[in-house]
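Heads up, the thing below is written out as structure tokens.
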Amino acid sequence: MREPDLLLIRFGELALKGGNRAAYEKALRQNLRKALREIADVRIQAIHARILAYPSRRGAQMARRAAEVFGVKSVSPAYTVPADADAIEALSKELLDDALLRDQRPRPLTFRVRVKRADKRFPMSSIELERRIADHVLPGHEGLEVSLKEPQLELGVEIRGKQNYVFVERLAGPGGLPVGTSGRALCLLSGGIDSPVAAYLGMKRGLHMGFITFHSFPYIGESAKRKIQDLARAVCRYQGPAQFFVVPFTEAQEAIRDQTPERYRVVLYRRMMNRIASRIAHRQSYKALLTGENLAQVASQTLKNMDLIGRTAEHLVLRPLVGFDKEEIIAVARRIGTFEISNRPELDCCTLFQPKSPVIFGHPEECAAAEAELAIEDLVERAVEGTVIERVDPFD
Ligand code: ATP
Ligand code: MG
């Protein structure tokens, strides 16, 4: 079959009103344009309740790409046809024959034709045209069983007047909201499996992410930093380029090692990370922090410890993974392409000078006493001053 003439892109019917809705649709069109033009030239057009994308070439690849963009409900590679029943019939048959050649699913397949007639000047009703097309395309396909309810295969026709479309494929999109429509958040990104998945889920809810990582050179080498950069780049496939902050964390970690009780080290590292991340978020206009924290996965993730850690953030801290089991997180990581990178063996600064028995249920007074000796403000300010701002681009 030849390349599709256009992609019919459906998006979630949001319960957004007036101006919000227009902004949402505009953001979605922009995000689609950015994602698709990395493949080839494309023209984007808005019609009622649909976005149309006209690829200059590589239409099938563009359809798969469009189906990754947040806010998209589904994508159909489609073919244009004159508003003429004979022509519609002929193209429908050609498309269906081709789709069935490629479809490996066991037969019989349930099937229906569905016509949407937006242009009421067309001389047949939707049902009449559906019957006529079905009568024309079905002969010779014993493996098809007509069923009007949730068919496994659907031939779609949209009659819109000047432009009319026929399609059989429907790629499911990821849903969610267009990236950027919820504002900007700063993701604390480590080399683990969890935080890149958390970033992906934040993007899904319309956040545009920046990334911040804490790096303790020379204890942790350059290759660990590269791994985290690669993770950021991989997850940026779903939003486009981002800021990437590399915070020098050695001095803070050494101070904590030398001046505080061993048991509290990990909690104090994490409290320090939040203070620094909040200051950078404030200066760079990020409105929230986002982490890969979960409940009860590791020692620092009891309610008591998470509470102690969260209190040093001056922003809302989003923790999108809190309802996920590890297996579920791994399944998402595999699907979005971060799992392999996360599995590269590298050291993590949280395990530096790790105590033999870290505190499991940290106590606020003990924690405050532990920090009393630390020159917190100086440590935070020097870390922020030494932070290097890089940029990650998924298309580099
Ligand atoms: P991950 O798989 O993301 O490393 P985790 O389950 O190992 O998470 P922790 O090591 O306790 O859990 O880290 C919890 C969260 O703290 C991470 O998901 C990340 O958001 C943040 N974090 C931890 N270490 C760093 C770091 N070196 N730089 C930036 N953020 C970090
Ligand atoms: Mg970790």
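Start at 1 and go down the list; that is how both ligands and their atoms are numbered.
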Could you tell me whether some N/O pair between [X] and ligand 1 is separated by less than 3.5 angstrom?
X	answer
Leu290	no
Asp194	yes
Leu188	yes

Requested in this report: Apply side-chain contact (heavy atoms from CB on, under 4.5 Å) to Phe245 and Gln284, showing your working.
Outcome: CA-CA 11 Å; Phe245 301 91; Gln284 299 280 336; 3.7 Å; yes
Query - Joint hydrophobic cluster, Tyr219 plus Met272, side-chain heavy atoms closer than 4.5 Å - result: yes
Query raised in the report: Do Leu186 and Val388 sit in the same hydrophobic cluster, where Ile, Leu, Val, Met, Phe, Trp and Tyr count as joined when their side-chain heavy atoms come under 4.5 Å apart?
Result: no
Query raised in the report: Does Ile193 approach ligand 1 within less than 4.0 angstrom via side chain, backbone, both or neither, non-hydrogen atoms only?
Result: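 Looking at Ile193 and ligand 1, just backbone atoms fall under 4.0 Å.
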With heavy-atom distances below 4.0 Å as the criterion, list the atoms of ligand 1 near [X].
X	value
Gly292	17 (C), 18 (O), 20 (O)
Thr291	20 (O)
Gly192	1 (P), 2 (O), 4 (O)

Take every heavy atom of [X], measure it against each atom of ligand 1, and state whether any distance is under 4.0 Å.
X	answer
Ile212	yes
Gln301	yes
Asn294	no

**Report entry** Cation-pi check, Arg43 onto Tyr54 ring (under 6.0 Å, within 45° of axis)
**Finding:**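 Geometry flag: set, cation within 6.0 Å and 45°.
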Query - Geometric cation-pi criterion, Arg10 with Phe167: 6.0 Å, 45° - result: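 Yes.
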Query - Phe70 and Tyr238 aromatic ring geometry - parallel, tilted or perpendicular at 30°/60° bounds - result: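 Geometry flag for Phe70 against Tyr238: tilted rings.
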**Report entry** Pick from Lys326, Arg319, Arg270: the one approaching atom 14 (C) of ligand 1 most closely through a non-hydrogen atom
**Finding:**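 Considering heavy atoms of Lys326, Arg319, Arg270, the nearest to atom 14 (C) of ligand 1 sits in Arg270.
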Requested in this report: Ignoring hydrogens and angles, state whether a donor on the side chain of Gln253 or Ser216 is under 3.5 Å from an acceptor on the partner side chain.
Outcome: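 Yes, a side-chain donor-acceptor pair sits under 3.5 Å.
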Report task. Considering only NZ, NE, NH1 and NH2 on the basic side and carboxylate oxygens on the acidic side, decide whether Arg311 and Asp307 come within less than 4.0 Å. Result -> yes
